[in-house]
Each structure stands twice: as C-alpha cells, then as structure tokens.
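Written out below as structure tokens is the structure these notes cover.
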Amino acid sequence: MDNDKQKLIIITAPSGSGKTTIVNLLLKHFPQLTFSISACTRAPRAGEVNGVQYYFISTDEFIEKIKNQEFAEYEMVYEGKYYGTLKSELQAIWNTEKFPLVDIDVFGAMRIKKYYQQNALSIFIKAPSIEELEKRLKNRGTDTEQSIQERIAKANNELSYIHHFDKIVVNDVLHTAVDECANYIKEFLNQ
Ligand code: 5GP
C-alpha cells in the first residue's frame with residue numbers, strides 16, 4: 001500500500017472530557033476507521049478480554065517490545081503501568097484498507113503525531129472548563145475526592161500542551177463535538 005494511504009486518526013483528552021463516548025460514536029459513523037488495540041501492562045478489568053480492549057501483556061514482554069522497537073509510541077500512563085501502540089497493529093489495519101483510530105493519552109498522542117507527521121490527524125478533546133471537568137468527574141461517581149483532585153491537576157498539565165495538536169474540539173454539547181470531529185476526519189481522509 002502506498003505511503004499516503006497510511007493515515008491515522010489520533011484522539012486524546014484529559015480524563016473526564018468525554019473522549020470514550022466520542023470515539024465510540026466516531027467508530028460507528030466511519031466504517032473506514034478501525035479502533036487500534038493497544039498493548040498494556042495493567043490487569044484486565046471485569047469483562048475485559050485480551051485482544052479486544054487491549055493486548056494485556058507482562059512488563060517483561062512490554063520491555064522486550066520496546067527494545068525491539070515494536071511501538072509507534074508508548075508511555076507509562078499510570079505509575080508502573082505501560083501503554084503502547086504497536087506498529088504491527090497499525091500495519092494490520094492498513095492492510096485491510098482501513099485507517100486506525102488511536103485513543104491514547106496526551107503525551108503518547110504527541111509522540112505518535114511526531115512519528116507519522118502529516119499522515120496523522122491529532123484531535124484534542126477538551127471539557128468546556130476545569131470547573132465542568134470537576135463536575136463531570138464527580139457525577140461519574142467512580143473516583144475518590146483525592147483521585148478527582150489528581151486528575152484535575154493532570155488535566156491542567158495536559159491542557160498546557162494543547163497547542164501541539166492539529167485540532168481542538170470543545171465537548172460542551174456531545175453531538176456538536178462529534179460533528180466537529182467527523183468534519184475534520186472527513187476533510188483529512190479525503191485530502
Ligand atoms: P485505561 O487504563 O483506563 O483503559 O486507560 C488509561 C489511559 O491510557 C487512557 O487515557 C487511554 O487513552 C490511555 N491509553 C490507552 N492506550 C494507550 C496507548 O497505546 N498509548 C498511550 N500513550 N496511552 C494509551
């Protein structure tokens with residue numbers, strides 16, 4: 001497949017910005033996009049299956065893959081837990097004549113954009129404000145007060161890198177944010 005067909009879409013966001021919902025709606029909307037399954041070293045959660053949400057591998061295996069340069073990017077997203085995009089995963093998707101959609105953290109997103117440059121479209125999803133983000137994290141009901149404060153501090157740090165991204169989408173009204181992403185993706189894939 002020639003190189004300009006090897007395009008990919010990168011979606012990133014601080015925790016609580018509604019990224020997962022947007023990613024799932026975009027995957028429904030674009031049959032030509034395939035979710036890129038990352039490798040990670042955290043344990044599967046209840047209901048998660050190896051090779052569906054992630055390739056769950058050991059830290060030793062992950063480090064071996066780093067040494068063998070098998071990752072397009074990888075990060076220690078949480079203390080001691082690695083996550084990475086396998087070059088082989090992206091290639092397998094391109095081999096089916098589809099485009100990978102990668103849903104990764106802000107720093108991994110900057111790395112992979114640097115690697116694929118103009119063949120990658122990077123979109124940063126942002127909550128309308130830090131106050132709104134805090135409200136959403138509280139409403140989600142899955143985090144302790146301490147974890148919420150940690151996520152907000154992390155979000156503030158991540159927001160300071162927003163200018164590294166090709167497109168910024170504010171997730172205030174969900175369907176508007178999805179439409180905006182869809183328009184950017186359509187434009188990028190057709191160019
Ligand atoms: P979780 O453990 O909740 O599934 O994911 C935690 C975070 O890791 C999310 O922000 C997700 O976007 C990010 N993530 C998932 N896969 C990758 C990856 O391959 N590389 C990087 N850098 N981050 C990832």
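The figures that follow rest on heavy atoms only: side chains count, while hydrogens, waters and symmetry mates do not. Counting starts at 1 for both ligands and their atoms, in listed order.
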Apply the hydrophobic cluster definition, ILVMFWY joined by side-chain contacts under 4.5 Å directly or through others, and give me every member besides Val173.
none

Given a heavy-atom cut-off of 4.0 Å, could you list the residues near ligand 1 in chain and number order?
Lys19, Ser38, Arg42, Arg45, Tyr54, Glu73, Glu75, Val77, Tyr78, Tyr83, Gly84, Thr85, Asp103, Ile104, Asp105, Gly108

Checking Glu145 now: which residues fulfil side-chain hydrogen bond (donor to acceptor under 3.5 Å, both in side chains) with it, not counting sequence neighbours?
Gln149

Just list the side-chain donor-acceptor pairs under 3.5 Å for residues 27-37, sequence neighbours left out, or say none.
none

Of all heavy-atom pairs linking Leu133 and Ala155, the shortest is CD2-CB, 3.5 Å

Is the distance from the ring center of Phe124 to that of Tyr161 below 6.0 Å?
no

Return the minimal non-hydrogen interatomic distance between Ala182 and Leu26, and the atom names on each side.
N-CD2, 4.0 Å

